[in-house]
There are 2 protein chains.
Amino acid sequence: MRVLLVEDDAILGDAVKAHVASLGHAVDWVTTLEDASVSLRAVTYSLMLLDLRLPDGSGLTLLRDMRGREDATPVIILTAHDQISDRIEGLNCGADDYLVKPFNLGELTARMGAVARRYARIPSTFLCLGELKVQPTERRILRKGEDIALSGREWAVLDTLLARRTAIVSKSQIEEALYAFGAEIESNTVEVYVSRLRKKLGREVIETLRGVGYRIKVDDVKAD
Amino acid sequence: MRVLLVEDDAILGDAVKAHVASLGHAVDWVTTLEDASVSLRAVTYSLMLLDLRLPDGSGLTLLRDMRGREDATPVIILTAHDQISDRIEGLNCGADDYLVKPFNLGELTARMGAVARRYARIPSTFLCLGELKVQPTERRILRKGEDIALSGREWAVLDTLLARRTAIVSKSQIEEALYAFGAEIESNTVEVYVSRLRKKLGREVIETLRGVGYRIKVDDVKAD
DNA sequence: CCTGACCTGACACGCACCTGAAAAGCTCCA
DNA sequence: TGGAGCTTTTCAGGTGCGTGTCAGGTCAGG
């Protein structure tokens, strides 16, 4: 799927772009409304991530314009805390969902999945980890039909590991995914969450690579 | 369900809006054709209540325009006694039903229900939630043959959850389904209604996902 | 056997959520 | 018109879960 990211904050944009790319999607990142309009005319996107407050005007104009043109591209608004009124207006203009900054990347994954599914009727995919069936977008894990509940942070860690499948993820990468916005952490939080996940999911699911990071092994990816 | 009310009579509009809201539906009330067009482009409605005689032109234009655009939104025409010819033309333009002013609100309820039911894809399907049998279109819930009564808002919340089945619905999504544009709510209304539904339907029916939203578990969908 | 990296049980705090009850608003009917 | 009987909304107090932190234990490698 192809995503258009409209965001002028370089740091956030970079993080989001990297994350979305790591999910296997093509990402075009633009920082102005001007460029966004050009891109929209040139390419059909599966999803747009839109920051409303841009240096060259309000993203609402763009959104209204799109909907006026019968462009039904799913849109997720990225909004700062103090711009809640914008988001209401945004939804009224035809946006599909919104995320309040700062958000964590796992939640972005979930909302993207939800919006995409709502539109495209894409059957939800699931991953097999041994006897586990994991549906990240549904926030659901089954072991032999039995539900396993994870908390928000636990999901965020698992999402990060799953996004890289079979590749090694360093502790600092996980921290960045959890606290992307400056909220530095100075304890062994990641270790704790890995431990909690292992307790719930089984000891073998997450492998430790001393001095390097962690790795998760996905057996298979299927769709219902 | 979300209703668009197009009516320039302030007193009647007020009454209708209040009544429809009391049935648990979200109502957007506009008084001009201009605004109606804007709303229709921004939002998908389950039903439109349309007064044909408006200050800025005939509602028939709007109706014809909609049907020309393949917009199949159900429409009930609200017509004054001396505009019977309008109503005939309205039906020919693709309206679904009409009400002659002054009408009583009970009749409005009935006709709205009839129209909505006519449009519901599968006639009288029901959903199984544990020991519950739920018929949303009939506004009916049975537990072992025993009727359970829900109020308007309770139905609205339940409808929203059922519409997404097994998927997660955020608190704000529920609020948006319940309240019309701008009617921001600043209390824990959604929590209260979830609590009431659990009291009536059973504690396990609605699952809480902390910081994310709610989810309902539908075992099965059947038709009588 | 020592060192550093990692694991994990326990705990305190805060926040999200729950819920009973009171206040406000509605509809309907006499 | 007014009041009975709902439903809806608000509020406040309580509860429990999630989170981050730490300390002591375990393990691998040199």
Side-chain angles (χ1 to χ4, degrees), chain A residues 100 104 106-107 139 148-158 168-172 174-175 177-179 183-215, chain B residues 11-12 14-27 102-110 139 148-158 168-172 174-175 177-180 183-215:
Chain A
V100 176
N104 86 44
E107 187 174 358
R139 304 224 137 189
I148 300 176
L150 297 188
S151 76
R153 282 278 190 270
E154 286 163 0
W155 270 113
V157 173
L158 186 59
I168 302 168
V169 186
S170 74
K171 236 183 275 195
S172 55
I174 298 178
E175 276 181 19
L178 289 188
Y179 313 98
E184 273 304 295
I185 214 129
E186 71 268 336
S187 77
N188 63 341
T189 314
V190 173
E191 288 170 22
V192 172
Y193 278 100
V194 168
S195 168
R196 284 180 189 157
L197 282 173
R198 289 210 257 239
K199 199 172 184 178
K200 289 188 178 182
L201 307 181
R203 185 143 286 108
E204 322 72 32
V205 171
I206 300 169
E207 184 187 356
T208 301
L209 294 120
R210 246 164 202 269
V212 186
Y214 296 96
R215 175 163 57 189
Chain B
I11 297 174
L12 179 59
D14 219 33
V16 171
K17 180 181 171 168
H19 178 76
V20 176
S22 81
L23 297 173
H25 308 310
V27 189
F103 49 84
N104 91 40
L105 295 170
E107 186 175 358
L108 176 60
T109 311
R139 308 247 113 175
I148 300 176
L150 297 188
S151 74
R153 282 274 193 267
E154 286 164 1
W155 270 114
V157 173
L158 186 60
I168 303 164
V169 185
S170 73
K171 235 182 275 195
S172 52
I174 299 178
E175 278 180 17
L178 248 55
Y179 303 97
E184 268 301 287
I185 212 129
E186 70 271 335
S187 77
N188 61 344
T189 314
V190 172
E191 287 170 22
V192 171
Y193 278 101
V194 168
S195 170
R196 289 211 184 121
L197 282 172
R198 290 210 256 238
K199 205 170 184 179
K200 289 188 177 181
L201 307 181
R203 185 143 285 109
E204 317 72 29
V205 171
I206 300 169
E207 182 188 358
T208 300
L209 294 125
R210 233 153 227 270
V212 184
Y214 296 95
R215 175 161 58 190

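Within every chain, numbering begins at 1; the chains are lettered A, B, ... in the order of the sequence lines, protein sequences first and strands thereafter.
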For [X] and [N], what is the distance between atoms [atom1] and [atom2] respectively, to the nearest whole Å?
X	N	atom1	atom2	result
Arg139(B)	dT7(D)	CZ	P	14 Å
Glu175(B)	dT10(D)	CD	P	10 Å
Arg203(A)	dC6(C)	CZ	P	17 Å
Glu207(B)	dC17(C)	CD	P	13 Å
Leu197(B)	dC17(C)	CG	P	16 Å
Trp155(B)	dC6(D)	CH2	P	20 Å
His19(B)	dC26(C)	NE2	C1'	11 Å
Glu191(A)	dA10(C)	CD	P	18 Å

Hey, does the side chain of [X] come within less than 4.0 Å of [N]'s phosphate (OP1/OP2), counting only N and O?
X	N	value
Thr208(A)	dC7(C)	yes
Lys199(B)	dG20(C)	yes
Lys171(B)	dA16(C)	no
Tyr214(B)	dA16(C)	no
Thr189(B)	dT8(D)	no

Inset, instruction - Would you mind telling me which residue lines up with the more 5' stretch of DNA chain C, Ala15(B) or Asn188(B), judged by nearest nucleotide? - result: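 Mapping each residue to its closest nucleotide by heavy atoms, the 5'-most match is Asn188(B).
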Write down the atom of [X], the atom of [Y], and the distance for their closest heavy-atom approach.
X	Y	result
Ala156(B)	Leu178(B)	CB-CD1, 3.5 Å
Thr208(A)	Tyr214(A)	OG1-CE2, 3.6 Å
Ile148(A)	Lys200(A)	CD1-O, 3.9 Å

Legend entry - Per Ser187(A) side chain, nearest of listed nucleotides dC17(C), dG20(D), dT9(D):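 Output: dG20(D).
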Inset, instruction - State plainly whether the residues Arg215(A) and Glu207(A) are in salt-bridge range, i.e. N to O under 4.0 Å. - result: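 A salt bridge is present here (some side-chain N lies under 4.0 Å from a carboxylate O).
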Legend entry - Pairing of Glu204(B) and Arg198(B) as salt bridge, 4.0 angstrom limit: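 Between Arg198(B) and Glu204(B) there is no salt bridge, as every charged N stays at least 4.0 Å from the carboxylate O atoms.
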Inset, instruction - Measure from the side-chain N and O atoms of Arg139(B) to the backbone N and O of Leu150(B), and report whether any donor-acceptor pair falls under 3.5 Å. - result: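 No.
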Inset, instruction - Using modelled atom types only, decide if a donor and an acceptor are shared between the side chain of Glu154(B) and the backbone of Ser151(B) within a distance under 3.5 Å. - result: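 Flag set: sc Glu154(B) to bb Ser151(B) pair under 3.5 Å.
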Protein-nucleotides 15-18 of chain D N/O pairs under 3.5 Å:
residue: dG16(D); atom: N2; partner: Arg210(B); partner atom: NH1; Å: 3.4

Inset, instruction - Describe the nucleic acid contact of Val192(B) in one word from base, sugar-phosphate, nothing, applying a heavy-atom distance below 4.0 Å. - result: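 The answer is base, as Val192(B) lies within the cut-off (heavy atoms under 4.0 Å) of a base atom.
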